[in-house]
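Below is one structure; the comments refer to it alone.
The first residue of the sequence shown is numbered 1, and numbering continues consecutively from there. This one's a predicted model, so the numbers in the text were calculated from it and none came from an experiment.
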Amino acid sequence: ENENSIAGDFISALKVARDGRVWIGTLGDGVSILDPATARVRHLRHAKGSVGKNNLADNNIRAFAEPKVGMWIGTDAGLDYYRDGQVQTLRAPPSQANAAAVNFIRSLLIDRNGSLWVGSNDGLRRLITKNSPASVAATARFSDLTLSPVASEVGRINSVAGQGVNALLQLRDGTFLLATRLHGLAHLSVENSTGTNQIRRILAADQVSPISSRIQSMLQANPDEVWLATTAGLDVLDARTLKLKHHWTNNPAIVGTLGFDAIGALALDPSGTVWVGTWGGGLEKTLAQNLALRTLRLDPDTADVPGTRGLSYADVHSVLELRDKRLLIGTGGNGIDILDRKLGRVDGFRVKLNDAHALGDGVVIALKQAADGRVWVGTQSAGLFHLDLATRHFTHVGGTGAVSNLLIANAPSVIPEIVLDTEGKPVIGQLNPLAQDHAGRIWAGGNDGLRVLSPGASQFQIMRHNPKRKNSLVHNTVYG
């Protein structure tokens with residue numbers, strides 16, 4: 001019960017609650033609830049033979065859904081409801097023939113009316129009490145709540161009975177999409193006045209090309225499109241007809257395609273950017289309206305030709321957007337490229353021997369613009385420079401080592417020209433994160449502990465790991 005650590009390393013579900021706490025579901029180790037304000041973690045687990053307070057149905061967690069009060073938790077052995085330190089479990093009785101499949105919860109969704117929808121290994125169900133949808137468990141006695149099959153009746157045409165429902169999505173028109181484990185996508189329409197529902201399978205025969213049966217995540221990226229994350233690329237459907245518009249996969253020959261085909265998650269942020277999480281290819285992003293990832297690469301034939309679309313060097317170490325919307329791109333060996341988004345690469349700043357106003361090192365690993373318009377440039381082996389964009393002149397500020405991160409502080413005199421640590425040595429090595437708090441102190445991490453610089457001070461105070469002290473750093477390497 002370590003309150004400083006999550007319960008396990010295999011994270012299978014995440015939910016940021018309205019109160020800011022992060023609910024972390026694991027496979028095998030239950031739930032960890034992280035309070036970012038205190039960095040403390042509370043654990044919920046299944047203890048065999050124990051019933052009641054804080055005892056989950058199972059330690060394999062698949063999904064979360066947050067009603068008005070409490071939290072719903074989908075496990076491999078039932079649906080848990082957590083509130084005020086108490087856990088209550090809904091599950092099919094052992095006497096039911098398909099109990100294990102019904103109790104294996106794969107996905108949860110709270111619709112716009114507050115009703116809870118539950119996808120399991122035996123299709124789709126909705127939480128009801130006395131034959132009416134229940135928005136929150138507190139609205140009725142928990143013993144009166146049941147999970148009623150929706151389009152999951154055995155023997156019914158177009159039923160999803162016996163099928164695992166990996167993901168659920170309510171479309172903007174109020175209908176639902178169900179991603180099943182083995183049989184692709186289903187579209188569900190519910191008539192609230194009568195409680196009846198209609199479902200149809202979306203088959204490969206209906207599409208331009210087959211839709212993968214391994215749909216992991218879904219979202220309505222814009223009013224006209226539904227995006228499906230699959231293990232074989234990204235499918236984009238027409239939101240009205242649900243016909244396939246695009247099947248987006250990795251193609252190294254085409255700029256703007258996926259970097260990796262196996263997609264595990266999709267998320268839409270308030271700016272309209274879709275974030276694409278892949279299985280092994282990292283994180284990508286694209287605008288929901290564009291369906292394109294723009295990639296700039298080195299073209300060896302035009303590396304020294306201004307006005308081309310490509311970069312002058314293949315390694316990019318830093319990027320800065322100027323106030324005029326141009327981009328400065330710090331490269332790993334050819335200085336700085338200047339990119340106009342419409343015109344392409346229009347110019348650059350290169351190392352020039354015997355030129356006192358030129359950049360002194362071609363490896364540029366940090367870029368920041370100050371309030372006065374000057375650009376500060378951190379290099380790998382020549383220290384810190386500042387650039388006057390009007391005159392295109394560089395001025396060497398100091399140092400001969402690597403300046404890998406820069407912070408433009410609120411107060412112009414916060415950082416002295418040469419900063420010393422508590423041992424009296426200049427700090428010119430790698431500092432990973434830099435941040436300034438409300439008191440004006442600057443915090444910097446690196447490979448040798450955590451440093452704090454107070455306003456007006458010329459020395460960092462250093463905090464390091466001390467195995468004899470419980471309240472010291474866990475490790476001396478600080479990344480963020």
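A donor-acceptor distance shorter than 3.5 angstrom exists from the side chain of Arg350 to the backbone of Ile336, with no hydrogens or angles considered. No donor-acceptor pair closer than 3.5 Å links the side chain of Gln380 to the backbone N or O of Val364. At least one donor-acceptor pair under 3.5 Å links the side chain of Thr331 to the backbone N or O of Gly335. Asp437 contributes a side-chain N or O that, together with a main-chain N or O of Ala439, makes up a donor-acceptor pair within less than 3.5 Å. Side-chain N or O atoms of Asn60 include none that pairs as donor or acceptor with a backbone N or O of Thr75 at under 3.5 Å. The closest donor-acceptor contact from the side chain of Asp361 to the backbone of Ser381 lies under 3.5 Å. With hydrogens and angles ignored, the 3.5 Å screen pairs a side-chain donor or acceptor of His475 with a backbone N or O of Thr477. A donor-acceptor pair under 3.5 Å is absent between the side-chain atoms of His386 and the main chain of Val375, judged by distance alone. Of the possible polar contacts, none joining the Asp337 side chain to the Ile329 backbone as a donor-acceptor pair under 3.5 Å is found.
Listed by chain and residue number, His357 satisfy the ring-ring contact (aromatic ring centres under 6.0 Å, His included) test with His393 (two or more places apart in sequence, or in another chain).
Between Leu108 and Val118, the closest side-chain pair of non-hydrogen atoms falls below 4.5 Å. The closest side-chain heavy-atom distance from Thr379 to Leu359 is below 4.5 Å. Looking at heavy atoms from C-beta onward, Trp443 lies out of side-chain contact with Arg451 at the 4.5 angstrom threshold. With a 4.5 Å cut-off on side-chain heavy atoms, Glu225 and Gln220 do not count as touching. In this structure, Tyr82 and Trp23 have side chains that are in contact, with non-hydrogen atoms separated by less than 4.5 Å. The shortest side-chain heavy-atom distance between His317 and Val363 falls under the 4.5 Å cut-off. Between Arg42 and Leu34, the closest side-chain pair of non-hydrogen atoms is not below 4.5 Å. When side chains are defined from C-beta on, Leu185 counts as touching Ile215, because their heavy atoms get closer than 4.5 Å.
Taking all atoms of both residues into account, the shortest heavy-atom contact from Ser32 to His43 is OG-ND1, 3.2 Å. A pairwise comparison of heavy atoms in Met463 and Val452 identifies CE-CG2, 3.6 Å as the closest pair. Of all non-hydrogen atoms in Pro223 and Ala239, the two that sit nearest each other are O-CB, 3.5 Å. Contact record, Ala63 with Arg106: CB-O, 4.1 Å, taken as the closest heavy-atom pair.
Between Trp376 and Phe385, the distance from one ring center to the other does not fall under 6.0 angstrom.
Atom CZ of Arg441 and atom CD of Gln461 lie 11.5 Å apart (nearest 0.5 Å). Between the CZ atom of Arg62 and the OG atom of Ser107 there is a distance of 11.5 Å, given to the nearest 0.5 Å. Separating the CZ atom in Arg172 from the CG atom in Asp224 is a distance of 9.0 Å, to the nearest 0.5 Å. The structure places CG of Leu244 at 10.5 Å from CG of Asp238, a figure rounded to the nearest 0.5 Å. Atom CG in Leu237 sits 7.5 Å away from atom CG in Leu177 (nearest 0.5 Å). If you take CG on Leu219 and CH2 on Trp227, they are separated by 7.5 Å, rounding to the nearest 0.5 Å.
Here the rule is side-chain contact (heavy atoms from CB on, under 4.5 Å) with Leu168, and of Ile110, Leu188, Asp111, Leu124 only Leu124 fits it. Screening Leu27, Leu56, Leu44, Ile105 for a side-chain contact (heavy atoms from CB on, under 4.5 Å) with Ile61, the sole residue that qualifies is Leu56.
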Q | Worked verdict on Leu473 versus Leu450 for side-chain contact (heavy atoms from CB on, under 4.5 Å) | A | CA-CA 8 Å; Leu473 284 178; Leu450 178 66; 3.9 Å; yes
Q. Yes or no on side-chain contact (heavy atoms from CB on, under 4.5 Å) for Leu169 and Leu109, after CA distance, side-chain angles and deciding distance?
A. CA-CA 7 Å; Leu169 174 67; Leu109 171 71; over 6 Å; no
Q. Do Val377 and Phe394 pass the side-chain contact (heavy atoms from CB on, under 4.5 Å) test, and can you show the C-alpha distance, the side-chain angles, and the key distance before you say yes or no?
A. CA-CA 9 Å; Val377 181; Phe394 286 84; 4.0 Å; yes
Q) Leu328 and Leu322: side-chain contact (heavy atoms from CB on, under 4.5 Å), yes or no, with the steps? A) CA-CA 7 Å; Leu328 296 187; Leu322 298 174; 3.9 Å; yes
Q | Step-by-step side-chain hydrogen bond (donor to acceptor under 3.5 Å, both in side chains) determination, Asp80 to Trp72 | A | CA-CA 6 Å; Asp80 288 330; Trp72 290 104; over 6 Å; no
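Asp261 and Thr249 share no side-chain donor-acceptor pair at under 3.5 Å. Judged by distance alone, the side chains of Thr175 and His187 do bring a donor and an acceptor atom under 3.5 Å apart.
The neighbour count for Asn354 CG, taken as heavy atoms of other residues, nucleotides or ligands under 6.0 Å away, does not exceed 12.
Checked for salt-bridge contact, Asp347 and Arg326 miss the test: no charged N lies under 4.0 Å from a carboxylate O.
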